[in-house]
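Written below as structure tokens is the structure these notes are about.
By convention here, the first residue in the shown sequence is residue 1. Since the structure is predicted, the reported quantities are computational estimates derived from the model, not experimental observations.
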Amino acid sequence: MTIVLDQLAPEVQDAVARTRQRVSDLHAELPRNQLVVWTAGNVSERVPGQDLFVIKPSGVSYDELSPELMVVCTLDGAKIVDGTADSLTPSSDTAAHAYVYRHMPEVGGVVHTHSTYATAWAARGEEIPCVLTMMGDEFGGPIPVGPFAIIGDDSIGRGIVETLRHSRSRAVLMQNHGPFTIGKDAKDAVKAAVMCEEVARTVHVATQLGDPIAIPAEIVDSLFDRYQNVYGQGATSSDSAAQPGSAASSASAASPQEA
Ligand SMILES: O=C(CO)[C@@H](O)[C@H](O)COP(=O)(O)O
């Protein structure tokens with residue numbers, strides 16, 4: 001059945017418009033944080049309460065992106081009639097993002113970059129060991145490597161889900177490709193992409209100087225618990241809501257159906 005945005009309920013159209021604005025704005029964070037060059041990388045966000053998500057169009061310059069150009073897709077990765085030109089195709093990673101949304105109901109945002117240091121670890125197929133308190137805080141352990149996967153079908157999404165399902169990390173280094181991150185919303189996933197690159201760079205520098213010292217598992221647990229549950233401006237703020245990967249989110253997440 002063809003879904004036509006203009007024919008959806010007014011509140012759904014409003015939710016789509018707000019998501020388009022957020023996703024468009026967040027794309028500016030990728031070049032601003034030096035995570036991408038040219039048109040590489042992409043951000044998406046689930047439309048709250050709907051089986052829809054918003055993602056950038058493929059191969060369009062970051063300078064030209066605007067809310068009106070953000071493409072609206074079903075969770076199968078099919079573009080709906082969203083008011084953009086039929087010729088405006090969604091990101092080449094749309095199938096991967098869609099797979100994550102279908103299989104990880106707690107995830108509200110997905111980001112992919114080719115940030116230099118994280119991608120260098122991915123090129124070696126090596127996980128980033130947890131040797132920084134920032135990694136314990138943000139990722140709750142090492143940042144894992146996902147399998148080599150072909151672009152365009154479910155392979156990347158399957159690799160992301162299979163890897164992150166067994167990890168507290170919200171970042172995965174897809175081998176020979178680059179980092180994909182997840183979050184409770186797109187902003188949260190962008191933050192994970194920024195943090196992933198930062199720790200990839202620092203741990204790389206550390207390995208050039210000698211052998212980094214691993215942080216004991218029980219201390220990683222306590223760092224993760226404090227940062228996820230106590231850090232910041234109070235337990236009621238949205239920044240301290242259950243994160244994908246945290247115990248709270250795992251407890252509430254439905255079982256993946258198709259993996
Ligand atoms: O690595 C890839 C393809 O997986 C992408 O990051 C491209 O670099 C950007 O693709 P579009 O989102 O513009 O299609």
Go through Glu29 and Lys191 one step at a time and tell me if the side chain to side chain contact (heavy atoms under 4.5 Å, CB included) criterion holds.
CA-CA 9 Å; Glu29 295 295 327; Lys191 178 194 176 198; over 6 Å; no
Under the criterion side chain to side chain contact (heavy atoms under 4.5 Å, CB included), I'd like the reasoning laid out for Val36 against Ser115: C-alpha separation, chi angles, the key distance, then a yes or no.
CA-CA 6 Å; Val36 292; Ser115 60; over 6 Å; no
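Residue Asp51 places its CG atom among 12 or fewer non-hydrogen atoms of other residues, nucleotides or ligands, all under 6.0 Å distant. Residue-environment remark: CD1 (Ile213) stays at or below the threshold of 12 foreign heavy atoms within 6.0 Å.
Cluster membership for Val199 and Ile219, using ILVMFWY side-chain heavy atoms within less than 4.5 angstrom, is not shared. Placement of Leu8 and Val72 within a single hydrophobic cluster is found when ILVMFWY residues are connected by side-chain heavy-atom separations under 4.5 Å, directly or transitively. Residues Leu223 and Tyr227 do not share a hydrophobic cluster, clusters being chains of Ile/Leu/Val/Met/Phe/Trp/Tyr side chains in contact below 4.5 Å. Cluster annotation: Leu132 is connected to Tyr231 through the hydrophobic network of ILVMFWY side chains, with a link wherever side-chain heavy atoms come within less than 4.5 Å.
Taking CG of Leu75 as the reference point, atom NE2 of His103 lies at 10.5 Å (rounded to 0.5 Å). Note that OG of Ser167 is 9.0 Å distant from CD of Glu127, once rounded to the nearest 0.5 Å. Atoms CE and CD, on Met195 and Glu138 in that order, are 4.5 Å from each other to the nearest 0.5 Å.
Both tests hold for Arg168 against Phe224: distance to the six-membered ring centre under 6.0 Å, angle to the ring axis within 45°.
Remark: Phe53 engages Tyr101 in a ring pair (Phe, Tyr, Trp, His ring centres under 6.0 Å) (not counting sequence neighbours). Thr84 is linked by a side-chain hydrogen bond (donor to acceptor under 3.5 Å, both in side chains) to Lys79, Asp82, counting only residues two or more places apart in sequence or in another chain. Residues passing the side-chain hydrogen bond (donor to acceptor under 3.5 Å, both in side chains) test with Gln175, sequence neighbours excluded: none. Shown here are the side-chain hydrogen bond (donor to acceptor under 3.5 Å, both in side chains) partners of Arg18, two or more places apart in sequence or in another chain: there are none. Considering only residues two or more places apart in sequence or on other chains, Glu198 meets the side-chain hydrogen bond (donor to acceptor under 3.5 Å, both in side chains) condition with Arg201.
There is no side-chain donor-acceptor pair under 3.5 Å between Thr74 and Asp76. Between the side chains of His97 and Asn42, at least one donor N or O lies within less than 3.5 Å of an accepting N or O.
Using a 4.5 Å heavy-atom cutoff, the side chains of Leu30 and Val43 are in contact. Residues Ile80 and Val4 form no side-chain contact, since every pair of their non-hydrogen atoms from C-beta on lies 4.5 Å or further apart. The closest side-chain heavy-atom distance from Thr19 to Gln50 is not below 4.5 Å.
Test Val71, Val54, Asp185 against Val23 for side-chain contact (heavy atoms from CB on, under 4.5 Å) and you get one pass: Val54.
Legend: ring pair (Phe, Tyr, Trp, His ring centres under 6.0 Å) pairs involving residues 105-141, not counting sequence neighbours, sorted by first then second residue: His112-His114, His112-His177, His112-Phe180, His114-His177, Tyr117-His204.
A salt bridge does not link Glu45 to Lys187: none of the charged side-chain nitrogens sits closer than 4.0 Å to a carboxylate oxygen.
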